[in-house]
Peer 1: 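If you scroll down you'll find the structure; I have some questions about it.
Because the structure is predicted, anything quoted here is derived from the model rather than measured. In what follows, chains carry the letters A, B, and so on, assigned in the order in which the sequence lines appear, proteins first and then strands, with residues in each chain numbered from 1.
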2 protein chains.
Amino acid sequence: MALQTQTVQQTSQTLKLLGDYNRLRMMQFIYERECCVCELVELINLSQPAISQHLRKLRDGGLVMEQRKGSWVFYRMNEDHTTFNLMKEILQSLPSVQSELDELEQDGLNVICHK
Amino acid sequence: MALQTQTVQQTSQTLKLLGDYNRLRMMQFIYERECCVCELVELINLSQPAISQHLRKLRDGGLVMEQRKGSWVFYRMNEDHTTFNLMKEILQSLPSVQSELDELEQDGLNVICHK
DNA sequence: CCCTTATATAAGTTAATACTTATATGATTG
DNA sequence: CAATCATATAAGTATTAACTTATATAAGGG
């Protein structure tokens, strides 16, 4: 693991994207499980457009992939990205966000989609 | 390794610092061996003030430590930083810069200090 | 002591970034 | 198809960031 090398440019771009507090938080959740926008809006203390704009940056950088399911758009990690293993290392070094996801469920604010 | 967790804020700050291409390059060299400013000026395609300003950011962020030796100031990794292990993982995932350091020596541009 | 070398800081400029509010698009449902 | 919910985009703003040039500081060597 983490033994393949990737370009410095690619890596610095990934790190720049993860180097924003709110985006890093978003990635923590998306790493735990795929999330839709409205869930992230609940989980992160930011407006919906702000979340949307961050997600676009993450998608443009290739870090996440989007998938529309009905009216929701779900985002998940892009496991094919060059820096995926590195991202895993980074996200694993952080405290778990599981409890926050649990709380979201308890509040009935998680989205269940059968598409 | 990488099993201790650190705060998201601390990590995002480190990643922001490493998320700049030129700073990441600088850290690659400093990780390989301690470097003085004039060496980094040779190794990186940036002006001396630009290098100096980046180094100050890295120092303010606690990522590196400085030590004056005569007229030179050497910078080395701060092994006590909370994110040191994570930084190691990141830097190890990048292609080696050893050949560039070798070339510096061959050109007689490396600094040998006996203090 | 000057003079040079090494490094840091100051000040200014340009561009990028992270938001905000307002609005548009897109899908679902009654 | 009108109303609603979910999401994206547009436009504007304030802050930050990464440089540049010029100058200051600091150490070392005739």
Side-chain angles (χ1 to χ4, degrees), chain A residues 9 12-27 29-30 34-61 63-76 104 108-115, chain B residues 9 12-27 29-30 34-61 63-76 104 108-115:
Chain A
Q9 277 204 331
S12 67
Q13 198 214 1
T14 292
L15 297 180
K16 173 169 288 175
L17 286 167
L18 299 183
D20 176 89
Y21 174 78
N22 289 313
R23 272 197 301 262
L24 185 57
R25 292 260 302 152
M26 291 170 68
M27 288 300 282
F29 292 115
I30 292 172
E34 67 171 12
C35 294
C36 75
V37 183
C38 61
E39 289 177 319
L40 292 168
V41 170
E42 289 300 328
L43 291 161
I44 312 259
N45 192 27
L46 277 182
S47 69
Q48 177 268 315
I51 296 282
S52 232
Q53 283 156 16
H54 281 307
L55 284 169
R56 187 172 49 166
K57 290 198 175 189
L58 293 171
R59 183 176 46 84
D60 288 352
L63 274 56
V64 301
M65 307 191 64
E66 71 178 46
Q67 184 182 11
R68 180 173 276 276
K69 294 182 184 179
S71 50
W72 296 288
V73 178
F74 283 84
Y75 286 84
R76 65 173 197 279
L104 188 78
L109 294 171
N110 63 317
V111 171
I112 298 153
C113 181
H114 302 290
K115 297 228 171 181
Chain B
Q9 278 205 331
S12 67
Q13 199 214 0
T14 292
L15 297 180
K16 174 168 287 174
L17 286 167
L18 300 183
D20 177 88
Y21 174 78
N22 289 313
R23 272 197 303 263
L24 186 56
R25 292 261 302 154
M26 290 169 67
M27 287 301 281
F29 291 116
I30 292 171
E34 67 171 13
C35 294
C36 74
V37 183
C38 61
E39 288 176 320
L40 292 168
V41 170
E42 289 299 328
L43 291 162
I44 313 259
N45 193 27
L46 277 182
S47 69
Q48 177 268 318
I51 296 282
S52 233
Q53 284 157 15
H54 281 307
L55 285 168
R56 188 172 48 168
K57 291 196 176 190
L58 293 171
R59 183 174 48 85
D60 288 352
L63 275 56
V64 300
M65 307 191 64
E66 70 177 48
Q67 184 180 13
R68 180 172 276 276
K69 295 182 183 177
S71 49
W72 296 287
V73 178
F74 283 84
Y75 287 84
R76 65 173 197 279
L104 189 79
L109 294 170
N110 62 317
V111 169
I112 299 153
C113 181
H114 304 289
K115 295 227 169 179

Peer 1: If you only use heavy atoms from C-beta on, which nucleotide in C:dA18, D:dT7, C:dA6 is closest to the side chain of A:Lys57?
Peer 2: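 Within the option list, the nearest is C:dA18.
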Peer 1: Looking only at side-chain atoms of A:Ala50, point me to the closest of C:dC19, C:dT7, D:dA8.
Peer 2: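 From the listed options, C:dC19 comes nearest.
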Peer 1: Round to a whole Å and report the spacing from NE2 of B:His54 to P of D:dT16.
Peer 2: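 So the two atoms are 18 Å apart, to the nearest Å.
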Peer 1: Take the protein atom CG of B:Leu58 and the nucleotide atom P of D:dA17, then report the distance between them rounded to whole Å.
Peer 2: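 So the two atoms are 13 Å apart, to the nearest Å.
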Peer 1: How far does CG of A:Leu109 sit from CD of A:Glu39, to the nearest 0.5 angstrom?
Peer 2: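 Rounded to the nearest 0.5 Å, the CG-CD separation comes out at 9.0 Å.
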Peer 1: Given B:Tyr75, which of B:Leu63, B:Leu58, B:Val37 fulfils the side-chain contact (heavy atoms from CB on, under 4.5 Å) condition?
Peer 2: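 Exactly one candidate clears the test, B:Val37.
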Peer 1: If I take atom CG from residue A:Leu55 and atom CZ from residue A:Arg23, how far apart are they, to the nearest 0.5 angstrom?
Peer 2: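 If we round to the nearest 0.5 Å, A:Leu55:CG and A:Arg23:CZ are 10.5 Å apart.
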Peer 1: Identify each atom pair where a protein N or O and an N or O of nucleotides 10-14 of chain D are less than 3.5 Å apart, giving names and distance.
Peer 2:
residue, atom, partner, partner atom, Å
D:dA10, N6, A:Gln53, NE2, 3.3

Peer 1: Find the distance between CH2 (B:Trp72) and CD1 (B:Ile112) and round it off to the nearest 0.5 Å.
Peer 2: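 Answer for the CH2-CD1 pair, B:Trp72 versus B:Ile112, is 9.0 Å.
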Peer 1: Side-chain contact, heavy-atom cut-off 4.5 Å: A:Ser52 with A:Arg56?
Peer 2: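 Heavy-atom side-chain distance check fails, nothing below 4.5 Å.
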Peer 1: Tell me if the side-chain of A:Gln48 makes a donor-acceptor pair with the base of D:dA6, cut-off 3.5 Å, by modelled atom types.
Peer 2: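 Answer is no: no donor-acceptor pair is held.
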Peer 1: Show the numbers, then the answer: is there a side chain to side chain contact (heavy atoms under 4.5 Å, CB included) between A:Val64 and A:Met27?
Peer 2: CA-CA 9 Å; A:Val64 301; A:Met27 288 300 282; 3.6 Å; yes
Peer 1: Report the distance from atom CD of A:Glu39 to atom C1' of D:dT7, rounded to the nearest whole Å.
Peer 2: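 After rounding, the gap between these two atoms is 14 Å.
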Peer 1: About how many Å separate CD1 of B:Ile51 and CG of B:Leu46, when rounded to the nearest 0.5 Å?
Peer 2: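 Result: 5.0 Å between the selected atoms.
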Peer 1: Show me the protein contacts with nucleotides 26-30 of chain D, counting only N or O atoms at under 3.5 Å.
Peer 2:
residue, atom, partner, partner atom, Å
D:dG28, OP1, B:Lys115, NZ, 2.6

Peer 1: Among the nucleotides D:dA17, D:dA6, C:dT7, which one has an atom lying closest to any side-chain atom of B:Lys16?
Peer 2: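 The closest nucleotide is D:dA17.
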Peer 1: I need the CD1-C1' distance between A:Ile44 and D:dT7, as an integer number of Å.
Peer 2: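 Rounding to the nearest Å, CD1 of A:Ile44 and C1' of D:dT7 are 17 Å apart.
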Peer 1: In this structure, how many angstroms lie between the C1' atom of D:dC19 and the CZ atom of B:Arg23, rounded?
Peer 2: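 Answer to the nearest Å: 12 Å.
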Peer 1: Taking all atoms of both residues into account, what is the closest heavy-atom pair of B:Gly19 and A:Leu15, and its distance?
Peer 2: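 Nearest heavy atoms, B:Gly19 then A:Leu15: CA-CB, 3.7 Å.
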Peer 1: Nearest-Å distance, CG (B:Leu40) to P (C:dA6)?
Peer 2: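 From B:Leu40 CG to C:dA6 P: 14 Å.
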Peer 1: Report the distance from atom CG of B:Leu17 to atom CE of B:Met26, rounding to the nearest 0.5 Å.
Peer 2: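 That separation rounds to 11.0 Å.
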Peer 1: Indicate, with a heavy-atom threshold strictly under 4.0 Å, whether B:Ile51 touches base, sugar-phosphate, or nothing.
Peer 2: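 Result for B:Ile51 = nothing.
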Peer 1: Tell me the interatomic distance from A:Leu55, atom CG, to D:dA6, atom P, rounded to whole angstroms.
Peer 2: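 After rounding, the reported distance stands at 16 Å.
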Peer 1: Would you say a side-chain N or O of B:Tyr21 is under 4.0 Å from OP1 or OP2 of D:dC19?
Peer 2: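 For D:dC19, OP1/OP2 do not have a side-chain N/O of B:Tyr21 under 4.0 Å.
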Peer 1: Could you pick out which residue, A:Asp20 or B:Glu66, lies toward the 5' side of DNA chain C when each is mapped onto its nearest nucleotide?
Peer 2: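 Here B:Glu66 is the residue nearer the 5' end.
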Peer 1: Between atom CG in A:Leu17 and atom C1' in C:dA18, what is the gap in whole Å?
Peer 2: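 Whole-Å distance recorded here is 13 Å.
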Peer 1: Between atom CD of B:Glu34 and atom NZ of B:Lys69, what is the distance when rounded to the nearest 0.5 Å?
Peer 2: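 Those atoms lie 3.5 Å apart.
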Peer 1: Which part of the nucleic acid, if any, lies within reach of A:Tyr75 when heavy atoms closer than 4.0 Å are counted: base, sugar-phosphate only, or nothing?
Peer 2: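 Sugar-phosphate: the residue A:Tyr75, judged by heavy atoms under 4.0 Å, touches backbone atoms but no base.
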